[in-house]
Trainee: 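Dumping the structure here so I can ask a few things about it.
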Amino acid sequence: DMKKLIVLLLTIAMVGAVYAEEAPAPVLKWSGLLNTGFQYDNGTDSLYLYGQNAGKASRLRLNADYTNGDFGVHFRLQTDDATTTAFSIKHALVWGNLFNNMATFKVGLLNDSTWATPYNSFGSLDGKKGVQLQVKPIKGLNVGAFMPLDTTKTVPAGDVPKDMTFAGKYSISGIADVLAGLNLGVAPTTKTEAYGSVNVTAIENLTAIVEADLTDISDIANTLSLDEYASYAMGNLAVGAYLEQVFGSPFGWTIAPEVSYTIDKAEVGGSFTIASGSVWSIDPYVTYTLNDKSTVKGYASYDNASVFTFGVSLLFNF
């Protein structure tokens, strides 16, 4: 009768709604970046095209992300001089989430920084070719491995595992993020790299990071570098400093205190860098936020070699 038909139709509609929630429609998203501007250099008495954010003449980037449920594709095309240089492929990969997001794989020309240190990006897989597997057995823990794969067909299959990276990150909510990695070295230039970092998150408005990178664990005295970064925000004012120590002969060091002040959409700041070898530079800047994705930055720099530069850098995300 009519009541049974209505109940049946409602049941079918509910099942369809549940299925639609479990299997969302595929999504293709485009995004990109343009960083350009100009800079003057008194060392060469030249005025030239330059985007200071990227440190390139005129960086243009185009990203595409296709997502279909737990699987997807990502690629990036980029040129660092849009006036003369053709686009090159920076990322091209397939990714997938497995076992209710307890594992993630990526295959191809990668873009991953999950196991990279937060300041100097030791351990970054951005631009690396190969296969990555991330395993997330409990909340906050991400461990796994990366196996690099060449395209020249010259690397013996037995040597591939000898060049793998094993790494992991554990986020202790409200306390710190701890990260460590080991990058094995393949013969004939066998050098095993170890790196790690601690990012303290326990104190509100405080950023505190300690990082270490040992490019050859068999030669600690000459291949170890340490860096520390701390910043504290007090309302609109933020003060901080970056320090670096590079062990070896000779020993190298860097100290760079910084300060910034935010007024509405504008930020005014600067840093003073001092390094071993009587190297120093003064670097003031002012940044203005055009919208939620775009900024314009005016900056200057003067160093121990009497080189003076200034410029304007425009950064547009879309």
Side-chain angles (χ1 to χ4, degrees), residues 35 37 39-43 50-56 113 116-124 174-179 195-215 222-289 295-315:
N35 180 210
Q39 181 168 293
Y40 170 77
D41 185 333
N42 77 325
Y50 187 73
Q52 197 255 1
N53 300 78
K56 303 295 181 180
S113 59
T117 61
Y119 194 89
N120 277 324
S121 295
F122 300 132
S124 173
I175 299 177
D177 298 333
V178 182
L179 183 149
Y195 65 91
S197 67
V198 176
N199 181 11
V200 178
T201 59
I203 303 175
E204 187 177 3
N205 299 325
L206 174 68
T207 298
I209 300 169
V210 179
E211 299 180 344
D213 184 41
L214 179 58
T215 57
N222 292 303
T223 65
L224 174 64
S225 64
L226 301 174
D227 62 75
E228 305 84 31
Y229 176 76
S231 177
Y232 187 72
M234 298 168 286
N236 294 342
L237 177 67
V239 294
Y242 170 74
L243 296 88
E244 181 183 45
Q245 306 87 46
V246 180
F247 294 84
S249 181
F251 173 77
W253 54 268
T254 299
I255 301 174
E258 63 183 31
V259 62
S260 65
Y261 189 82
T262 303
I263 308 172
D264 193 20
K265 295 184 177 182
E267 178 181 305
V268 180
S271 62
F272 177 49
T273 302
I274 310 170
S276 52
S278 301
V279 175
W280 57 266
S281 69
I282 302 172
D283 304 277
Y285 70 88
V286 56
T287 300
Y288 185 79
T289 301
T295 60
V296 57
K297 179 180 182 181
Y299 61 92
S301 179
Y302 184 75
D303 64 22
N304 58 283
S306 299
V307 174
F308 172 67
T309 61
F310 70 86
V312 175
S313 185
L314 299 103
L315 176 64

Trainee: Checking E244 against Y119: is there a side-chain donor and acceptor pair closer than 3.5 Å?
Mentor: no

Trainee: Looking only at side chains, do S249 and N222 share a donor and an acceptor under 3.5 Å apart?
Mentor: no

Trainee: Could you label the plane-to-plane angle of the Y40 and F310 rings as parallel, tilted or perpendicular, counting under 30° as parallel and over 60° as perpendicular?
Mentor: tilted

Trainee: Could you check whether any side-chain N or O of S276 sits under 3.5 Å from a backbone N or O of W253, counting only pairs where one atom can act as donor and the other as acceptor?
Mentor: yes

Trainee: Considering all heavy atoms of both residues, which atom of A176 and which atom of V198 are nearest to each other, and what is their separation?
Mentor: CB-CG1, 4.3 Å

Trainee: Do side-chain atoms of N53 reach the backbone of L315 as a donor and acceptor pair under 3.5 angstrom?
Mentor: no

Trainee: Looking at L314 and G37, what are the two nearest heavy atoms and their distance?
Mentor: CD1-CA, 4.0 Å

Trainee: Using the test ring pair (Phe, Tyr, Trp, His ring centres under 6.0 Å), find all partners of Y302 that sit at least two apart in sequence or belong to another chain.
Mentor: W280

Trainee: Say you draw a straight line from CZ of F247 to CG of L214; how long is it, rounded to the nearest 0.5 Å?
Mentor: 11.0 Å

Trainee: Can you name the nearest heavy-atom pair linking E211 to S197, along with the distance?
Mentor: CG-CB, 3.7 Å

Trainee: Are any of the side-chain heavy atoms of D227 and N120 separated by less than 4.5 Å?
Mentor: yes

Trainee: Is it the case that T262 and N236 place a side-chain donor and acceptor less than 3.5 Å from each other?
Mentor: no

Trainee: With a 4.5 Å limit on heavy-atom distance, are the side chains of N42 and T309 in contact?
Mentor: no

Trainee: Show the nearest heavy-atom pair for residues T117 and Y195, with the distance to one decimal.
Mentor: CG2-CD1, 4.1 Å

Trainee: Would a 4.5 Å heavy-atom cut-off, applied to side chains only, mark D303 and V279 as touching?
Mentor: no

Trainee: When you measure from the side chain of S313 to the backbone N and O of Q52, does any donor-acceptor pair fall under 3.5 Å?
Mentor: yes

Trainee: Does atom NZ of K56 have more than 12 heavy-atom neighbours from other groups under 6.0 Å away?
Mentor: no

Trainee: Which heavy atom of A266 sits nearest a heavy atom of Y288, and at what distance?
Mentor: CB-CD1, 4.1 Å

Trainee: How many angstroms lie between CD1 in I282 and CG in N304, if you round to the nearest 0.5 Å?
Mentor: 10.5 Å

Trainee: Return the minimal non-hydrogen interatomic distance between S281 and F272, and the atom names on each side.
Mentor: O-CD1, 3.3 Å

Trainee: Begin from the C-alpha positions of Y285 and S271 and carry the test side-chain contact (heavy atoms from CB on, under 4.5 Å) through to its verdict.
Mentor: CA-CA 9 Å; Y285 70 88; S271 62; over 6 Å; no

Trainee: Could you measure the distance from the CD1 atom of I209 to the OG1 atom of T201? Nearest 0.5 Å is fine.
Mentor: 11.0 Å

Trainee: Quick one: are S301 and Y299 in side-chain contact, heavy atoms under 4.5 Å?
Mentor: no

Trainee: Is there a donor-acceptor pair closer than 3.5 Å between any side-chain N or O of D213 and the backbone N or O of F122?
Mentor: no

Trainee: Nearest 0.5 Å please: distance from the OG1 atom of T289 over to the NZ atom of K297.
Mentor: 12.0 Å

